[in-house]
Amino acid sequence: MSESADQSVESKGLTPKQRLEPPNTRLINAGIVTINDMETLRACVAYENANQGRVQILRRLEHQAQEIRSQEE
């Protein structure tokens, strides 16, 4: 992966930075629930860990990972 996590474009055309640091904080949850693949989710977790490290956001990402896994079964 040559591009950094905050620069790479993931599913739905949004970068992890766009999903997790939108102009309006109410959009963070929308950015998370629209993640539908593990690659995008991992990029967002990596971005959050490297930048903000907000526990509440990481928990939301963990919940979304569980949702993705349950859909794959």
Side-chain angles (χ1 to χ4, degrees):
M1 193 161 156
S2 61
E3 297 176 348
S4 65
D6 63 328
Q7 295 294 319
S8 63
V9 175
E10 304 297 338
S11 69
K12 306 275 186 203
L14 297 175
T15 65
K17 182 175 183 173
Q18 290 169 322
R19 287 181 187 280
L20 301 175
E21 293 186 33
N24 183 334
T25 57
R26 292 184 216 173
L27 297 175
I28 293 174
N29 197 41
I32 292 172
V33 299
T34 59
I35 297 171
N36 58 12
D37 62 271
M38 292 304 285
E39 182 180 350
T40 301
L41 186 101
R42 286 184 190 107
C44 288
V45 169
Y47 178 83
E48 186 62 27
N49 282 328
N51 292 281
Q52 300 287 334
R54 298 168 289 190
V55 174
Q56 194 170 34
I57 300 301
L58 291 168
R59 284 186 185 143
R60 288 181 189 165
L61 290 166
E62 180 181 9
H63 180 264
Q64 188 63 20
Q66 293 170 352
E67 290 292 319
I68 293 168
R69 286 186 195 111
S70 70
Q71 292 173 2
E72 290 177 351
E73 293 177 355

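Not measured: the values here are computed from a predicted model.
Under the 4.5 Å side-chain criterion, counting only non-hydrogen atoms from C-beta, Asn49 is in contact with Leu58.
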Test side chain to side chain contact (heavy atoms under 4.5 Å, CB included) applied to Ile68 and Asp37, step by step: CA-CA 7 Å; Ile68 293 168; Asp37 62 271; 5.7 Å; no
Audit row: Leu20, Asn51, side chain to side chain contact (heavy atoms under 4.5 Å, CB included) steps and yes/no: CA-CA 10 Å; Leu20 301 175; Asn51 292 281; over 6 Å; no
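Sorted pairs that involve residues 63-73 and meet salt bridge (charged side-chain N to carboxylate O under 4.0 Å, His left out), not counting sequence neighbours, are lacking altogether.
In Gln56, the CD atom is not crowded: 12 or fewer heavy atoms of neighbouring residues, nucleotides or ligands sit closer than 6.0 Å.
Residue Cys44 holds its SG atom at 10.5 Å from CD of Gln18, rounded to the nearest 0.5 Å. Distance check: Gln64 CD to Leu61 CG gives 8.0 Å after rounding to the nearest 0.5 Å.
For the residue pair Arg19 and Thr34, a side-chain donor N or O sits within less than 3.5 Å of a side-chain acceptor on the partner.
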Can I get a per-line list of side-chain donor-acceptor pairs under 3.5 Å for residues 24-33, giving both atom names and the distance, sequence neighbours left out?
| from | atom 1 | to | atom 2 | distance (Å) |
| --- | --- | --- | --- | --- |
| Asn24 | OD1 | Arg26 | N | 2.9 |

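Between Leu41 and Ala65 the shortest heavy-atom distance is CD2-CB, 3.3 Å.
Qualifying salt bridge (charged side-chain N to carboxylate O under 4.0 Å, His left out) partners for Glu21, counting only residues two or more places apart in sequence or in other chains: none. For the salt bridge (charged side-chain N to carboxylate O under 4.0 Å, His left out) test, residues two or more places apart in sequence or in another chain that qualify with Arg54 are Glu48.
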